[in-house]
Each structure stands twice: as structure tokens, then as C-alpha cells.
Amino acid sequence: HLTPRGGAGVGAMSRRERGPESGPGGAEAAAEDAEPAEPDSPDQCLSLLPWDRFSAWLHCVCVVGFDLELGQAVEVIYPPHSNLTDKEKTNICYLSFPDSNSGCLGDTQFCFRFRRSPGRKVSLCCFLDQLDRDLPVYLKKDSAYYYGYVYFRQVRDKSLKRGYFQKSLVLISKLPYVHLFRTMLKQIAPEYFEKSEAFLEAVCSDIDHWPPPVPGKVLQLPIMGLIMKLRIPTYRDKPGTTPIVQNMHQADAQISMALPTVHEVDLFRCFCPVFFHIQMLWELVLLGEPLVVMAPSPAESSETVLALVSCISPLKYCSDFRPYFTIHDSEFKEYTTRTQAPPSVILGVTNPFFAKTLQHWPHIIRIGDIKLPGEVPKQVKVKKLKNLKTLDSKPGVYTSYKPYLNKDEEIVKQLQKGVQQKRPTEAQSVILRRYFLELTESFIIPLERYVASLMPLQKCISPWKSPPQLRQFSQDDFMKTLEKAGPQLTSGLKGDWIGLYRHFLKSPNFDGWFRSRQKEMTQKLEALHLEALCNENLVFWSQKHTEVETVDLVLKLKNKLLQADREHLPVKTDTLKKLQTHINDIILALPNDLQDILLKTGTT
């Protein structure tokens, strides 16, 4: 669905007619032993068809309006050939408008996330998959979901029957680059509401000239006379560091804007209403507990949900999360049923109906309008769930959860001092992000250390046997390591760390993290096995064995090369070349008839 054959409207002109684009010349060179070889350059890979470049960033742009007879309706989808199912369109319609009780007059920005319909073609091209592998784990695409980035306008208009103009401009993308798309909408939406369709076509044509979203490169993205400069993080970046994108002076008339981040939200602003409970909320997110954020508007609900999900970074939050969720959502029944325990999901809601529907949920965050405090926030106690009667209940955290760790008073004092000294919110967010990062790393380092010990020793890898298996994860063995090599090495926080680990090991976040580690280590074993094969004198071996055994070896080696390419094993390019040379040398030592067959034979 992402590579339409053809394409109408502005931007459907072929790349040959437009002339060559000056995009970046290829993915950033990987660490020496990280990737086998660079793929084709972005331009080679993404200049095949009109709309391919656009599709690397967005799935489509929608305009959702209000019709007196139909209710919310998708008025425009651009590019026109974009593929959305009826179910997806319905979800977009309802999620693009605030609930009527929100009373959002003027302009409002928020985001939502919804499930893609099953059975869709997933990938645009191999190159985009390569880009995804270079991202930190928490920024990797989830092919089962789309994000919707919304700019909603509601203004009085006496010429309309309802007395109001209500419309949303929505960007649909698989990329979680909240700050980028929010900045972009702020630039283009107000002008779109004035100029309409032709302007939208011009915007999409601009996006279809963008270089691909290569992690680690400074990208320049032109959009209606403005150039946005940004850098997408890579998995090689040190957690907690953001390389600064300098605002370069433009020789031409175009205005340049440097984005400090593509994906981060204003953490301090989001956590302000629940200031005193940040550590408990970190535990609830880490453990994948069901959480609902009840907020006065989608802007507050979506920002708070995104802040919660990001607070365990660099760990990936592996459960579902919905920055804005409505009673019309296709998963409404699934997520609000009382016949089973609430699922591991974080929901952001604004409709008062949810106060009743979700009152059986174990953890509810109620926030008022998010305003930065002019004075030091007052201590707010954790409230009992039974006290949450309506959405008008006082702001606070409603739960009976007892945190495993003792409260860190230092971070609270530090942030309170910042409020007193009128420290900028950006600086407060940096302090809070560093606090969460250090807490998460203190928690995860003992697990990383133990899992690394499950790797077989290099001397166990024989070129003539299959690669050895990883040892099984044993909860008891891991717990024994905590006494000497636990979080106390990096964190001064006291409390029931053992209980927190026991709970975490049953959570979806542990499952996702461990699967990812398992895959990495298995691939490393395969790569080491390949290197062991390369270091053998394979031609000498083949001379001592029968033709049948030699042919069998050649086929196995060819399969190894294919596997290295297919699974992107962390093998040096030189190793692969060496293995290919070995294969060619063995084949050339065989009789001519066998040479012809083996040189033509591909393997699966």
C-alpha cells in the first residue's frame, strides 16, 4: 500500500522530470562490526516512483470535517490513492475531534494512535527496514499501528448552521516523531484553513522531495518556504544525550528552524499535575500496569500518555498505549470489559463517561488543565479509587498501589527549587529526563549483566558444528546475582528492589526486552560461527572429502551468506567477502560439470 503504481495530482511527476534530488548519500556508516554493508543509497532506493519519498515519512494527510447529517467525515485524503480501510477511516474520524465536553475553542493540537487493519502490506522497501534497524529500540516502528497528528480548529461562524467552523488537519504516519509533526502542523495548518486544497497539494509535493528519514544524519526538510533541520537519534547514541542541530545561516531567502528533538514531549509540564508521584508512576509504567489518564482535553491526555511511555526510556514500553481514546474506538469494548482484568495498556481519555466505565481500573491519573506552576506545587496525596466518582473529581493519582521503592525526596526538592527560581521548563524537563534515565539504567544494568552471562564462550564455537544455544534464563539464578551486583551499585535508592524485579519479570516489558536481547545474542552467535568458518582452510578440507560432501558444504556456505544478508547479522563486510572467496575457490577445484551447476545454483 505504500508504493502506489501511478499517483495523481501534484507531485505525480516522475523523478526523471524533476531532476536529481540532493539528499544524503547513504545510511550512516555502522560501527565496524555492526552491519555487513551499506544498502543502496537513499536516492537510489527511493527515487523509483512518485510518492515513495512521501511514504517514507507519512502514510497520508486527511482533512476531517463535521457534517450535520453524517457527523464527522473524512473530506479529503491526500495523496488520493492512499489506502485506508473503512474501519481505519472511522477511527480517524472520531479520534480527530475532541469530545464535545472538552469545549476546545480556537486551535488545539494533539495526537492519537490506532490499530492498522490486519492483512496490509507492511514495508515500503528494504531500505526503510534498514533505517528502522539503526533506530533506538523505543523509536522503532510498530507495523501494527498508525499515529495520527491533529491540528483541530473550532471557531464561531454564523454563516454555518451549527454556528461553528470545525475542522481537523491530520497527518497519518507510522513514525512516532511527535515533536516534528507537531511543529510541522503548526506551520502549515493555519495557512491550510485559509487556502484549502491547492495548498495541501503543494505541502505534499514538498514532502515528496524530502530525503529519507536516515537516523544519525542532520536532515533538511523544506516545507512551504521554511527549512526544518533535525537529527533522528540512532541506537549508537549515548542515552540521555541529544546532539545539537545548529541553526545555519541560509544564503537564500528561506527561513531555517532547528528542532532540538524529533520525538520528545515537555516532560516537566506533563508531570506537573502529579509532581509528587513521578517515581510511583515510573514503577507502574515499568511493570506494564493498566493506567488511565483522565484529562480535560485531548491535548493534555495525549501529552501525558506520551510522557508516561517515555519515562522508562531507553527501555521500550511494549504494551499498547492510546494518547487519546474515545467511546467510538474499535477497541472500546475490548478495553473496558469487566469480564476480565483490565489489560496492560495506557489510555488517555476526556469523556466523563469513562469515569464510570473505567472505575474498576486499578490506577487512574486525573489531571486538570496543565499549567506550569507559578509557585511550588502542593503535596497531593494518593487517593483511594473509591473516591473517584466523576471526571470532575479533584486532580491526583487514584490507586491502592504501594510502591516497591522508597521515595526519592532529592528529585522533588530539586524540581521545587527550580520552580522557586523560575528555572525554564526545558531545563526542568532535562533534570527530570536524566532522573528517569538513571533510575531505569540502575534497574536494567543487573539484568543486562546477567543475560550477557548466558552467552556461550567463544571457544565453544566450532566451524564444523551448529552454533551453540544460549543458556536458559533462570529467575532464581538472576536473583542470586543481585546481592553483589544489584542496583545498589548505581542507585542510592532503598526499598524492595527484589520485589520490583519479581513483578517486572512477569510483565510485557520484560518479555519484549528479553526477546530483543535473545535475538541480538543469537545473531551474534551466528556471526561468530561465520567468522570461525572463514578462518578455516576450507579448500584443504574439501580436498580430503568426497565430492558429495564438498557440494553439501558449498550449499551450506551459500545458505550462510544468504542468512547473513536476510537477518542482517553483525558481520564485517570483509568476513562475507572472504567466505565468498572460499566458496569460489572450492567450486573451481571441482570438475567442470559440477562447477557449472554450483555457480548457477542459488539457495533458499
Side-chain angles (χ1 to χ4, degrees), residues 95 98-104 108-113 150 152 178 182 264-285 289-312 317 321-327 342 345-359 361-401 411-412 415-416 419 425 428-429 432-433 436:
L95 290 165
D99 281 315
S100 53
N101 66 292
S102 294
C104 299
T108 308
Q109 279 192 262
F110 59 94
C111 92
F112 59 83
R113 186 172 179 261
V150 183
F152 169 72
V178 191
R182 182 187 171 83
E264 289 170 353
V265 292
D266 188 339
L267 217 52
F268 179 66
R269 191 170 154 270
C270 295
F271 279 118
C272 238
V274 285
F275 191 83
F276 291 93
H277 311 303
I278 50 175
Q279 194 175 314
M280 177 175 73
L281 295 174
W282 173 83
E283 282 191 24
L284 292 173
V285 175
E289 285 286 306
L291 259 172
V292 61
V293 175
M294 294 184 174
S297 80
E300 272 105 1
S301 83
S302 61
E303 287 217 333
T304 308
V305 169
L306 292 169
L308 285 165
V309 167
S310 73
C311 80
I312 61 167
Y317 180 77
F321 60 95
R322 304 299 175 92
Y324 176 48
F325 190 74
T326 75
I327 57 174
V345 61
I346 303 178
L347 298 181
V349 302
T350 63
N351 193 321
F353 181 69
F354 280 108
K356 192 176 176 185
T357 319
L358 298 177
Q359 63 188 178
W361 275 46
H363 320 290
I364 295 172
I365 302 168
R366 169 77 184 95
I367 57 172
D369 290 314
I370 296 184
K371 293 187 185 80
L372 284 169
E375 60 218 39
V376 179
K378 293 180 177 65
Q379 173 76 22
V380 185
K381 286 184 179 171
V382 174
K383 299 173 172 66
K384 293 193 167 53
L385 277 165
K386 64 178 189 304
N387 296 341
L388 184 74
K389 297 286 191 292
T390 66
L391 202 64
D392 298 327
S393 300
K394 286 183 179 172
V397 180
Y398 292 77
T399 179
S400 53
Y401 176 81
I411 183 67
V412 174
L415 292 172
Q416 279 181 321
V419 173
T425 172
Q428 294 277 74
S429 286
L432 194 48
R433 191 166 278 112
F436 281 135

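What you see is a predicted model, and the numbers here were worked out from it, not measured in a lab. In this chain, residues are counted from 1 in sequence order. Scope of the values below: all heavy atoms of this structure, side chains included, with no hydrogens, waters or symmetry mates.
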Undergrad: Find out whether V345 and W361 are in side-chain contact, i.e. whether some heavy atom of one side chain is under 4.5 Å from a heavy atom of the other.
TA: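 Of all side-chain heavy-atom pairs linking W361 with V345, at least one is under 4.5 Å.
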Undergrad: Is it true that the NZ or CZ of R366 lies under 6.0 Å from the centre of Y398's six-membered ring and within 45 degrees of the ring axis?
TA: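 So R366 doesn't make the cation-pi contact.
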Undergrad: If I compare all heavy atoms of L95 with all of F325, which pair ends up nearest, and what's the gap?
TA: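 Heavy atoms of L95 and F325 come nearest at CD2-CA, 4.4 Å.
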Undergrad: Any side-chain heavy-atom pair from P98 and T350 closer than 4.5 angstrom?
TA: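 No - every pair of side-chain heavy atoms lies 4.5 Å or more apart.
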Undergrad: Would you check if I312 and F436 make a side-chain contact, meaning some heavy-atom pair closer than 4.5 Å?
TA: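 I312 does not reach F436 side chain to side chain.
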Undergrad: Can you tell if the side chain of Y401 reaches within under 4.5 Å of the side chain of L284, non-hydrogen atoms only?
TA: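 Sidechains of L284 and Y401: in contact.
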Undergrad: If we only count heavy atoms from C-beta on, is the T399 to M280 side-chain gap below 4.5 Å?
TA: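 Yes, at least one pair of side-chain atoms sits under 4.5 Å.
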Undergrad: Rounded to the nearest 0.5 Å, what separates atom CZ in F271 from atom OG1 in T304?
TA: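 So the CZ of F271 and the OG1 of T304 are separated by 8.0 Å.
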Undergrad: Aromatic rings Y317 and F321: how do their planes relate, parallel, tilted or perpendicular, breaks at 30° and 60°?
TA: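 The arrangement is perpendicular - the two ring planes meet at more than 60°.
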Undergrad: Would you call L415 and F276 a side-chain contact if the rule is heavy atoms closer than 4.5 Å?
TA: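 A side-chain contact is absent here, since even the closest heavy-atom pair is not under 4.5 Å.
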Undergrad: Does any non-hydrogen side-chain atom of V349 lie less than 4.5 Å from one of T357?
TA: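 Heavy-atom side-chain distance check fails, nothing below 4.5 Å.
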Undergrad: Between L347 and F354, is there a side-chain heavy-atom distance shorter than 4.5 Å?
TA: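 No, their side chains stay 4.5 Å or more apart.
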Undergrad: Would you please test C311 and L281 for side-chain contact (heavy atoms from CB on, under 4.5 Å) and show each step?
TA: CA-CA 9 Å; C311 80; L281 295 174; 5.9 Å; no
Undergrad: Kindly say whether P323 contributes a backbone atom to a donor-acceptor pair with the side chain of S301 at under 3.5 angstrom?
TA: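 Flag set: sc S301 to bb P323 pair under 3.5 Å.
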Undergrad: Do you know which two heavy atoms are closest between L267 and S310, and how far apart they sit?
TA: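 Shortest heavy-atom separation between L267 and S310 comes out as CD1-OG, 3.7 Å.
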Undergrad: Would you please classify the geometry between the F268 ring and the F275 ring as parallel, tilted or perpendicular, with 30° and 60° separating the classes?
TA: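 Rings of F275 and F268: perpendicular, over 60°.
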Undergrad: Taking all atoms of both residues into account, what is the closest heavy-atom pair of Q359 and I364, and its distance?
TA: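 Reported closest heavy-atom pair: CA-CD1, 4.4 Å.
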Undergrad: I'd like to know if the side chain of E300 pairs up with that of S297 as donor and acceptor (distance under 3.5 Å, no hydrogens or angles considered).
TA: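 There is such a pair between these side chains.
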Undergrad: Is the side chain of S302 donor-acceptor paired with the backbone N or O of F112 at a distance under 3.5 Å, no angle test?
TA: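 The answer is no, because no donor-acceptor pair under 3.5 Å joins these two groups.
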Undergrad: Which pair of heavy atoms, one from Q109 and one from R182, lies closest together, and at what distance?
TA: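 Where Q109 meets R182 most closely, the heavy atoms are NE2-O, 3.0 Å.
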